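Being a predicted model, the structure only gives us computed values, none of them experimental.
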Amino acid sequence: QGARTGGGAAMEMSSCCLEPADVSDTASALHCRDRWLALQRLRANAGAEAVLLVLGPDSHFDRGGEVVFNWLLNGVGGRDLLAAPLESRYEECAVCIRATGSKVFCTRKLQEEMVTKTAMWESCEVIVPTAEQEADQDEYDSFKTWAFIDMVAGLKSFGVAIRSSEGMSRDLKMVVEKWPLVQAHAFDEFGLGFLTMRTSVINLEAMLQCELYPRWDLLSMIRARSSVPKLAKAWGEAMLLRDRQPRKTGEDHLASAVAAAAPLVDFFEYGRLSLSDEDVFELRGCAVPPNVSSSLLLDPAPRVLVGPGQSPEIAIGVAFDSLGEVPGSDVDGSQALHMVWEAVEPLTGIAAARTYALGGASLLEAGGSVPAKQHQALLHAYVAAAACCRYLIAGHLASLAFLAPPQRDAQLARVAADFLTSIGGAPGRLQVSCTELDAMGLAVPTSTASRCVALLYLRVMVADVACPGLGHTLGTVAYGDTAFCVHACEEGSLGRLCSTGLTADFPAFAFWPVPSELSRSDEVRAGLDSCLGVGFDRGPSVALGHRSGIRVYLENKGPPPDPLELGISIDQEVQSAVAWDISTLIPGQEPLAGYTFGHAWVFESGKLVVSTPRTGLIVLRIRRDGAGLPSASAPNGLVWVPVEVPTAALGSTPLRAAVAVSPSTAGRLRALVAEAAPGAGSGEGGESPAQLSGLGGLGGGLG
């Protein structure tokens with residue numbers, strides 16, 4: 001409502017002009033008014049004087065009328081609307097909506113509910129029988145008949161919602177005349193004759209299916225936003241499954257991708273079991289949507305694409321029956337360096353796309369190695385794609401959202417190209433796709449000027465990523481997010497963004513080690529065990545009889561070997577997390593980070609050994625390029641502190657990283673840094689607390 005009557009200004013004032021019920025996911029008076037107004041516009045466009053809804057046995061359980069009632073007064077929407085049954089307590093209701101007023105008949109139990117929901121309908125009358133009339137079936141039937149006659153008195157035309165499977169093969173008037181309540185209109189005692197004898201009947205079903213039910217409104221937007229955590233959960237399950245997959249051979253990438261995609265595919269397929277895309281198109285009265293040749297290809301679609309052989313497929317749709325298929329033998333994933341993930345919420349179509357790296361250790365190597373150069377090229381392209389997508393959503397998507405698709409896409413591509421040039425370009429070919437989605441989660445093939453809300457999935461890709469000096473392409477990287485746009489009413493304004501990216505909190509970056517890197521992790525494990533004295537022979541010893549478990553060594557062989565130069569331990573195998581930010585590859589960009597949980601061993605030398613499913617065991621060091629040790633809040637009561645790889649750089653720009661430790665451990669590390677730099681403050685340094693908090697905030701707890 002705010003978007004329709006005032007655009008962004010109304011949205012900014014939502015805290016003072018909306019009641020708590022208006023921003024909940026249940027139907028309020030405001031929600032019902034919004035849909036009542038939309039139904040009034042449809043009635044006028046159809047040329048009907050009224051819309052008539054008769055429910056329950058009085059209309060032979062007309063399914064079309066039940067769906068309209070659920071949409072209008074129960075707040076049901078999206079795909080749930082077309083499959084949801086009508087609650088039995090509403091089966092005695094009847095509704096007549098005219099241009100000059102509306103009338104609702106209901107039982108006494110529903111009186112308060114109906115009065116509340118129709119409170120913002122102009123000239124609305126709620127008709128309720130008395131307790132005595134409800135107690136006497138004959139009195140009740142007579143009262144309801146008179147109420148119905150009053151509803152339709154003087155009408156020359158009215159609209160109903162009747163599905164083709166419910167009698168449209170026969171004359172529409174005959175179908176309506178067979179409704180028991182309509183038949184009562186012709187009883188001799190009333191002397192009115194057949195209702196449809198002097199009144200024309202218009203079937204509104206096709207218009208409802210094509211114009212109203214796919215329409216976004218305030219209530220459907222609220223419910224769509226509430227569905228994002230379900231998609232996030234499926235994404236998190238896919239990442240957890242990828243964490244737990246064994247890594248034995250280099251040929252496991254494709255099979256691992258299929259396995260990792262399973263939670264995303266299962267979530268999508270399960271959500272669309274009750275109503276398929278074909279069912280929706282059939283209800284709309286068309287086998288395929290107009291102007292769309294590949295109507296049943298899903299784009300976006302739930303999938304995980306690996307390496308140069310599969311990643312270019314992110315730009316094209318995929319058939320529903322092909323989801324989760326194992327790739328053919330002609331696709332080689334053994335040398336893959338990245339994966340493109342895409343997931344879709346099945347009921348609303350909200351989608352996300354991210355690019356993750358394979359071969360984490362090479363990210364930490366010196367920049368001259370071939371794997372490091374390849375990863376740098378891929379990640380540089382990914383940072384550019386993500387920055388471009390965020391830039392378009394933040395500043396330009398709303399102003400272009402309501403243009404015709406060809407014009408909208410051309411303008412987005414132009415703006416994206418200009419932005420990419422401003423940040424130094426990308427090692428590949430820019431591609432931008434923008435898909436508008438209706439409330440059923442289906443692509444909207446043409447622009448509809450009358451709508452005031454649009455849900456857009458924006459995906460920015462860099463294709464044919466080239467590695468300098470190697471002469472071959474590394475595939476395609478992609479970043480995608482979904483946002484709502486509202487049409488503003490101010491003169492000269494085409495639209496105004498009313499949401500940030502709905503999936504902005506999904507992990508923006510992750511990487512997993514490949515089997516060839518496991519030896520490096522084994523070396524760190526051996527060095528850690530040696531430093532901690534695991535397996536170290538301290539020579540002969542004697543036990544103290546009066547103190548159980550205490551032994552005295554007869555020789556002093558000194559401390560155990562410490563090949564990693566870790567020093568004295570502060571904490572051993574404590575809960576931790578490590579975050580990596582790759583946005584430093586293009587200066588001035590927002591953090592593009594992800595994190596993963598694991599365990600850490602902390603030492604007085606300032607070094608840490610971190611073990612996670614995505615990094616294996618790696619050695620890090622507290623970053624000391626400033627005078628102090630900044631910190632920021634991390635998940636699970638931990639504290640982020642900045643770290644670096646002791647002997648590594650990615651080209652000339654190292655990844656920005658942080659490790660989460662306990663507050664007490666952070667305090668001890670801060671004291672060690674202060675001792676190394678006398679007079680240092682605790683809040684200064686190379687990393688600001690705001691930068692550190694950005695590392696964790698983008699993970700959303702999903703990593």
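When each of Asp418, Leu420, Leu397, Val415 is checked for a side-chain contact (heavy atoms from CB on, under 4.5 Å) with Tyr391, only Val415 meets the rule. Across Val465, Val340, Val462, Thr355, a single residue satisfies side-chain contact (heavy atoms from CB on, under 4.5 Å) together with Tyr382, and that is Thr355. For the side-chain contact (heavy atoms from CB on, under 4.5 Å) criterion with Leu412, the lone passing option out of Cys434, Ser433, Cys388 is Cys434.
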Requested in this report: Quick one: do His599 and Val574 satisfy side-chain contact (heavy atoms from CB on, under 4.5 Å)? Show the steps, please.
Outcome: CA-CA 5 Å; His599 296 88; Val574 294; over 6 Å; no

**Report entry** Step-by-step side-chain contact (heavy atoms from CB on, under 4.5 Å) determination, Asp299 to Ile316
**Finding:** CA-CA 7 Å; Asp299 185 20; Ile316 59 177; over 6 Å; no

Requested in this report: For Leu264 and Val344, run side-chain contact (heavy atoms from CB on, under 4.5 Å): C-alpha distance rounded to whole Å, both residues' side-chain angles, the deciding distance at 0.1 Å, then the answer.
Outcome: CA-CA 8 Å; Leu264 306 179; Val344 184; over 6 Å; no

Requested in this report: For side-chain contact (heavy atoms from CB on, under 4.5 Å), just list the numbers for His380 and Val383, CA-CA rounded to whole Å, side-chain angles, deciding distance to a tenth of an Å, and then say yes or no.
Outcome: CA-CA 5 Å; His380 183 274; Val383 173; 6.0 Å; no

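Nearest heavy atoms, Pro312 versus Thr476: CA-OG1, 3.6 Å. Closest approach of Phe603 and Val609 over heavy atoms only: CE1-CG2, 4.2 Å. Taking both residues in full, the closest heavy atoms of Thr482 and Ala351 are given as OG1-O, 2.7 Å, listed atom of the first, atom of the second, then distance. When all heavy atoms of Ser576 and Val659 are compared, the pair lying nearest together is OG-CG1, 3.4 Å. Considering every non-hydrogen atom in both Val265 and Pro302, the closest pair reads CG2-O, 3.7 Å. Counting all heavy atoms, side chain and backbone alike, Cys485 lies closest to Leu456 at SG-CD1, 4.1 Å.
Between the side chain of Asp243 and the backbone N or O of Pro613, no donor-acceptor pair lies under 3.5 Å. Without hydrogens or angle criteria, Asp481 side chain to Thr503 main chain gives a donor-acceptor distance under 3.5 Å. Of the possible polar contacts, none joining the Ser611 side chain to the Leu617 backbone as a donor-acceptor pair under 3.5 Å is found. No donor-acceptor pair under 3.5 Å is formed between the side chain of Ser530 and the backbone N or O of Ala526. With hydrogens and angles ignored, the 3.5 Å screen pairs a side-chain donor or acceptor of Lys607 with a backbone N or O of Leu564. The backbone N or O of Thr435 sits nowhere less than 3.5 Å from a side-chain atom of Arg459 that would complete a donor-acceptor pair. Looking only at distances, a side-chain donor or acceptor of His375 sits under 3.5 Å from a matching main-chain atom of Leu358. Ser322 contributes no side-chain N or O that, together with a main-chain N or O of Val318, makes up a donor-acceptor pair within less than 3.5 Å. Put simply, the side chain of Asp438 gets close to the backbone of Met440: a donor and an acceptor are under 3.5 Å apart. Side-chain atoms of Arg242 never come within 3.5 Å of backbone atoms of Glu237 as a donor-acceptor pair (strictly under, hydrogens ignored).
With respect to Glu644 and Arg656, no salt bridge is recorded, no charged nitrogen being found less than 4.0 Å from a carboxylate O. Of the charged side-chain nitrogens involved, none lies within less than 4.0 Å of a carboxylate oxygen, so that Asp279 and Arg79 do not count as a salt-bridged pair.
The aromatic rings of Phe320 and Phe268 sit tilted relative to each other, their planes meeting at an angle between 30° and 60°.
Interatomic distance, CG of Leu400 versus CG of Leu458, reported as 10.5 Å (0.5 Å rounding). Between the CZ atom in Phe511 and the OG1 atom in Thr596 there is a gap of 9.5 Å [rounded to 0.5 Å]. In this structure, the separation between NE2 on His338 and OG on Ser311 is 3.5 Å, given to the nearest 0.5 Å. Taking CD1 of Ile314 as the reference point, atom CE of Met339 lies at 13.0 Å (rounded to 0.5 Å). One distance of note links CG of Leu474 with CG of Leu378; it measures 4.5 Å at 0.5 Å rounding. In this structure, CD1 on Ile618 lies 6.5 Å from OG1 on Thr612, to the nearest 0.5 angstrom.
If you look at Tyr595 and Trp580, their ring centroids are not closer than 6.0 Å. For Trp216 and Phe484, the distance between ring centers is under 6.0 angstrom.
Take Arg223 and apply the salt bridge (charged side-chain N to carboxylate O under 4.0 Å, His left out) test, not counting sequence neighbours, and it matches no residue. Qualifying salt bridge (charged side-chain N to carboxylate O under 4.0 Å, His left out) partners for Asp80, counting only residues two or more places apart in sequence or in other chains: none.
Remark: Glu565 CD is loosely packed, at most 12 non-hydrogen atoms of other residues, nucleotides or ligands lying under 6.0 Å away.
In this structure, Ser276 and Val280 have side chains that are not in contact, with every pair of non-hydrogen atoms separated by 4.5 Å or more. In this structure the side chain of Pro507 reaches within 4.5 angstrom of the side chain of Met239, judged on heavy atoms. Contact annotation: the side chain of Asp522 never approaches that of Val524 to less than 4.5 Å [non-hydrogen atoms, C-beta and beyond]. For the pair Ile350 and Leu437, the minimum side-chain heavy-atom distance is 4.5 Å or more. Between Arg429 and Met461 the shortest side-chain heavy-atom distance does not fall below 4.5 Å. Contact annotation: the side chain of Pro405 never approaches that of Glu436 to less than 4.5 Å [non-hydrogen atoms, C-beta and beyond]. Side-chain contact between Asp277 and Arg272: present, with at least one pair of heavy atoms (C-beta onward) separated by less than 4.5 Å. Annotation: side chain of Phe267 is in contact with side chain of Glu345 (closest heavy-atom distance under 4.5 Å).
No side-chain donor-acceptor contact under 3.5 Å links Asp464 and Thr473.
Remark: Arg354 qualifies as a cation-pi partner of Tyr479 under the 6.0 Å distance and 45° angle criteria applied to the six-membered ring.
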